[in-house]
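Lettering of chains follows the sequences in order, A, B, ..., and the numbering in each one begins at 1.
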Number of protein chains: 2
Amino acid sequence: MKVFLKNDSSVDFCPVRDVFDRIGDKWTVLVMITLDQGESPLRYHELQERIGDVSQKMLTATLKRLQEDGLISRQLYPEIPPRVEYALTARGESLLPHLYRLAEWASEHMRDVKKV
Amino acid sequence: MKVFLKNDSSVDFCPVRDVFDRIGDKWTVLVMITLDQGESPLRYHELQERIGDVSQKMLTATLKRLQEDGLISRQLYPEIPPRVEYALTARGESLLPHLYRLAEWASEHMRDVKKV
DNA sequence: CAAATAAGGTACGCATAAGTATCTTACGCA
DNA sequence: TGCGTAAGATACTTATGCGTACCTTATTTG
């Protein structure tokens, strides 16, 4: 299949890289998996606690981007203090099985690989 | 499944992130796909030409790491000038279907997402 | 004698990613 | 009056990824 590289050898069109550019950063998949494994919607501070070592700045940025990409939803309840609930969208959920399959592969193969 | 996050909320153990840390950089998946779509082994300069815009430094670094991780093999023929052939290993090939599935997902969903 | 050739190595610098620390808002409550 | 609370915003600093430019090696060929 030549769908993944242009014939002129340019690199602009490569779906795999599109995905990695979007979710290949330090926190995105972790946020998605945390949402998937939590009870339905999770609040901002719940996410922060479950992930543990994410900085507030990066969690905010990651959530904002995930929302812009339509992978999670953000529901604001304008109370005082405010309450915000995050949840996976259908599109976000449709990505997760692929991530889990990657995780399975990793569990089988990364042990030897990981001499970091 | 709680396999992906530790119960103490630490982030050290997450297979998905292990994979992304290893192959989530700018060139790794592209090299793997290029090898997969080329005729069996490819030489260094063939890779460089097919990928097009990868710098020599990054291609070298990427190949070295892929080799360290056992995802590609490197066969050196000590001629003058030297000849080196790179090919996917069985482990490398076992990862590719997962990448292609991610690519399919991307083709379906990233069009809307990508307003970069 | 000098150039070309294949596969790199190395030094330097910029741009971006990520971390840290401080500030904000609006209200209830002591 | 001022403190706590939830969800951020912002400025500043540090770390990392990547690119550019130049060097190297050993041999054949003009």
- prompt: Does the pair B:Leu63 and B:Arg74 meet the rule for a side chain to side chain contact (heavy atoms under 4.5 Å, CB included), with working shown?
  reply: CA-CA 9 Å; B:Leu63 289 169; B:Arg74 181 196 134 109; over 6 Å; no

message: Any non-hydrogen side-chain atom of B:Arg22 less than 4.5 Å from a side-chain atom of B:Thr28?
response: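 Answer no - side chains too far apart.
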
query: Tell me, do A:Leu102 and B:Leu102 make a side-chain contact under 4.5 Å, heavy atoms counted?
result: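 The answer is yes, as the side chains (C-beta and beyond) meet within the 4.5 Å cut-off.
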
- request: Please give the angle, rounded to 10 degrees, between the axes at the start and the end of the helix from C:dC1-D:dG30 to C:dA30-D:dT1, where five pairs define each axis.
  value: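 Comparing the axis at each end, I get an angle of 40°.
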
All side chain to side chain donor-acceptor pair (under 3.5 Å) counterparts of A:Ser73, not counting sequence neighbours: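 For A:Ser73 there are no side chain to side chain donor-acceptor pair (under 3.5 Å) partners, ignoring immediate neighbours.
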
- prompt: Just by protein heavy atoms under 4.0 Å, how would nucleotides 11-30 of chain C read 5' to 3' in B, S and -?
  reply: B------BBBB----BS---

- prompt: Are the side chain of B:Arg91 and the backbone of B:Asp69 linked by a donor-acceptor contact shorter than 3.5 Å?
  reply: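 Checked: pair present.
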
field: With A:Glu85 via salt bridge (Lys or Arg N to Asp or Glu O under 4.0 Å) - residues at least two apart
entry: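 Testing A:Glu85 for salt bridge (Lys or Arg N to Asp or Glu O under 4.0 Å), a comparison that skips the adjacent residues, returns A:Arg83.
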
- request: Taking heavy atoms of chain A and a 4.0 Å limit, find me the 5'-most and 3'-most nucleotide of DNA chain D within that range.
  value: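 Reading along DNA chain D, I get D:dT5 to D:dA11.
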
- prompt: Base, sugar-phosphate alone, or nothing: which one does B:Tyr77 contact when heavy atoms must sit under 4.0 Å apart?
  reply: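 Here B:Tyr77 touches no strand at all.
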
task: Check side chain to side chain contact (heavy atoms under 4.5 Å, CB included) between A:Glu93 and all other residues, then give those that pass, not counting sequence neighbours.
output: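 Only A:Leu88 meet the side chain to side chain contact (heavy atoms under 4.5 Å, CB included) criterion with A:Glu93.
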
field: Any B:Arg43 side-chain N or O less than 4.0 Å from OP1/OP2 of C:dA6
entry: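 Result: no.
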
- prompt: In a check of side chain to side chain contact (heavy atoms under 4.5 Å, CB included) between A:Tyr86 and each of A:Val31, A:Thr34, A:Leu47, A:Leu42, which one passes?
  reply: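 The passing option is A:Leu47.
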
message: Is there a side chain to side chain contact (heavy atoms under 4.5 Å, CB included) between B:Phe20 and A:Lys26? Walk through the geometry before answering.
response: CA-CA 9 Å; B:Phe20 276 73; A:Lys26 192 168 177 182; over 6 Å; no

- request: Treat each ILVMFWY residue as a node, draw an edge where side-chain heavy atoms are under 4.5 Å apart, and state whether A:Leu76 and A:Ile80 are in one component.
  value: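 No, A:Leu76 and A:Ile80 fall in different hydrophobic clusters.
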
- request: Return the value, rounded to whole Å, for the distance between atom CD of B:Glu79 and atom C1' of C:dA6.
  value: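 The answer, rounded to whole Å, is 10 Å.
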
Euclidean distance, atom CG of residue B:Leu47 to atom P of C:dA7 [Å, nearest integer]: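 Checked: the CG to P distance equals 10 Å.
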
